[in-house]
Amino acid sequence: MKRFFAVLITIYTILLLYMMFIGCDRETSSTSYFQLIPFKTIHHFFCDDHIHRQTFLINIIGNIFVFSPFGFLGLSIKKLNKIIPTTLSFIISISLIELIQSITGRGVADIDDVFLNTLGMLLGYFIFKYAAWKNIANIRTYFDLEYKLQTA
């Protein structure tokens with residue numbers, strides 16, 4: 001089952017990278033742009049009355065939920081079964097992707113995208129942990145997970 005998930009997440013990642021760099025009618029721009037002011041883009045999408053609902057959904061909701069499957073990486077990579085290594089690995093990876101998008105002119109390097117994508121990954125991570133804790137769909141057996149109730 002771990003191999004199946006590893007193949008599935010690899011295919012998902014390739015499709016996602018395709019959409020981030022080529023899909024959605026992306027064209028190369030000669031201008032490189034970095035948006036490094038936290039919450040500027042998010043504020044714009046929530047406060048600007050001229051933003052269409054579809055644009056809002058794609059940019060805010062999409063940036064969160066599209067990346068939630070990466071919170072499940074602990075299913076196939078044991079080191080990523082803990083929040084700090086998973087989050088750090090994800091932030092480094094998504095920051096590199098944002099940087100490459102900007103350098104290649106296939107997108108904007110936006111700090112808010114990193115924030116929203118990480119929020120999505122964390123959402124997926126906590127869903128994964130909840131599923132392991134409750135042993136939903138016998139997840140512990142299928143993925144050979146050990147679940148220890150941690151006490152403070």
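The shortest non-hydrogen separation linking Leu73 to Phe5 is CA-CE2, 4.2 Å. The two residues Arg140 and Ala132 have their closest heavy-atom pair at NE-O, 2.7 Å. Considering all non-hydrogen atoms of both residues, Pro38 and Asp112 come closest at C-OD1, 3.5 Å. Taking all atoms of both residues into account, the shortest heavy-atom contact from Leu36 to Ile111 is C-CG2, 3.7 Å. Heavy atoms only, all atoms of each residue included: Ser68 and Phe72 are closest at O-CD1, 3.9 Å. The shortest non-hydrogen separation linking Thr87 to Thr118 is CG2-CG2, 4.2 Å.
Residues Phe126 and Ile84 are members of one and the same hydrophobic cluster, defined by side-chain heavy-atom contacts under 4.5 angstrom among Ile, Leu, Val, Met, Phe, Trp and Tyr. Criterion: ILVMFWY side-chain heavy atoms under 4.5 Å apart, direct or through other members. Under it, Ile58 and Ile42 are not part of a common hydrophobic cluster.
The distance from the CG atom of Asn81 to the OG1 atom of Thr86 is 7.0 Å, given to the nearest 0.5 Å. Asp110 contributes atom CG, which lies 10.0 Å from atom CD of Gln101 (distance to the nearest 0.5 angstrom). How far OG1 of Thr55 is from NE2 of His50: 13.0 Å, rounded to the nearest 0.5 Å. Note that CD1 of Ile103 and CD of Glu98 are 11.5 Å apart. Values are rounded to the nearest 0.5 Å. With values rounded to the nearest 0.5 angstrom, Phe143 atom CZ is found 8.5 Å from Phe128 atom CZ. The distance from the CD1 atom of Ile97 to the OG atom of Ser102 is 14.0 Å, given to the nearest 0.5 Å.
Heavy atoms of other residues, nucleotides or ligands lying less than 6.0 angstrom from CG of Leu96 number more than 12. Within a 6.0 Å radius of NE2 in His43, other residues, nucleotides and ligands contribute 12 heavy atoms or fewer. Heavy-atom neighbours of Phe45 CZ from other residues, nucleotides or ligands within 6.0 Å: above the threshold of 12.
Looking only at distances, no side-chain donor or acceptor of Asp48 sits under 3.5 Å from a matching main-chain atom of His44. Side chain of Asn138 to backbone of Tyr142: no donor-acceptor contact under 3.5 angstrom is found. Within the 3.5 Å criterion, the main-chain N or O of Ile100 finds no donor-acceptor partner in the side chain of Arg106.
When the options Leu119, Leu123, Asn117, Leu116 are evaluated for a side-chain contact (heavy atoms from CB on, under 4.5 Å) with Phe67, the one that passes is Asn117.
Checked against the 6.0 Å centroid threshold, Phe115 and Phe39 count as a close aromatic pair. Ring to ring, Tyr125 and Phe90 are not that close: their centroids are 6.0 angstrom or more apart.
Between Met121 and Ile91, the closest side-chain pair of non-hydrogen atoms is not below 4.5 Å. With contacts defined as side-chain heavy-atom distances shorter than 4.5 Å, the pair Ser89/Leu80 qualifies. Counting heavy atoms from C-beta outward, Ile136 and Tyr130 have side chains that approach closer than 4.5 Å.
Taking the six-membered ring where tryptophan is involved, the planes of Phe46 and Phe56 are perpendicular, since the angle between them exceeds 60° and thus also 30°.
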Run the side-chain donor-acceptor check on residues 10-21: report pairs under 3.5 Å with partners two or more places apart or on a different chain.
residue: Thr10; atom: OG1; partner: Ala6; partner atom: O; Å: 2.7
residue: Tyr12; atom: OH; partner: Val66; partner atom: O; Å: 2.5
residue: Thr13; atom: OG1; partner: Ile9; partner atom: O; Å: 2.7

